**Q** 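For reference, the structure I am asking about is given below.
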Amino acid sequence: MRIVTFDWNGKIHHGARAGDRIRIHPSATSAVDLAVDAASHPGQGAGALAEVKLLAPVTRPGKVIC
């Protein structure tokens with residue numbers, strides 16, 4: 001399972017990717033929120049990876065540490 005942020009039908013969503021399927025977690029406000037506490041954000045529905053445009057998982061990070 002990989003945490004992803006994606007554009008689907010013109011809306012940005014957060015979810016989890018497993019193989020070629022993406023499960024949407026609509027209550028998650030960010031990928032970080034979903035990664036920290038996935039249990040409190042139940043998934044709803046799934047879509048094909050080919051139907052979405054993957055985005056950067058964390059769109060505006062507060063820090064970048066190398």
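Keep in mind it's a predicted model, so treat the numbers as computed, not measured. Sequential numbering from 1 along the given sequence is applied to the chain's residues.
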**Q** Would you please test Trp8 and Glu51 for side chain to side chain contact (heavy atoms under 4.5 Å, CB included) and show each step?
**A** CA-CA 7 Å; Trp8 187 38; Glu51 297 175 358; 4.0 Å; yes
**Q** For a quick test of reading the model, state the closest non-hydrogen atom pair linking Thr5 to Ala31 and the distance between them.
**A** OG1-CB, 3.6 Å
**Q** Heavy atoms only: give me the nearest Phe6-Leu55 pair and the separation to one decimal.
**A**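 Between these two residues, the closest heavy atoms are C-CD1, 3.9 Å.
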**Q** Answer yes or no: is there a side-chain heavy-atom contact under 4.5 Å between Ile22 and Val4?
**A**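 The answer is yes, as the side chains (C-beta and beyond) meet within the 4.5 Å cut-off.
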**Q** Compare every heavy atom of Gly15 with every heavy atom of Leu34, then report the nearest pair and how far apart it is.
**A** CD2-O, 3.5 Å
**Q** I need the Ser30 OG to Ile12 CD1 distance, nearest 0.5 Å.
**A**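 Interatomic distance, Ser30 OG to Ile12 CD1, rounded to 0.5 Å: 12.0 Å.
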**Q** Check the pair Leu49 / Arg17 against side chain to side chain contact (heavy atoms under 4.5 Å, CB included), numbers first and verdict last.
**A** CA-CA 8 Å; Leu49 182 61; Arg17 176 182 167 210; 3.6 Å; yes
**Q** So which heavy atom on Pro26 is nearest to which on Gln44, and how close?
**A** CG-OE1, 3.3 Å
**Q** If you look at every heavy atom in His41 and His25, which pair is closest and at what distance?
**A**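 Smallest interatomic distance, heavy atoms only, reads O-ND1, 2.7 Å.
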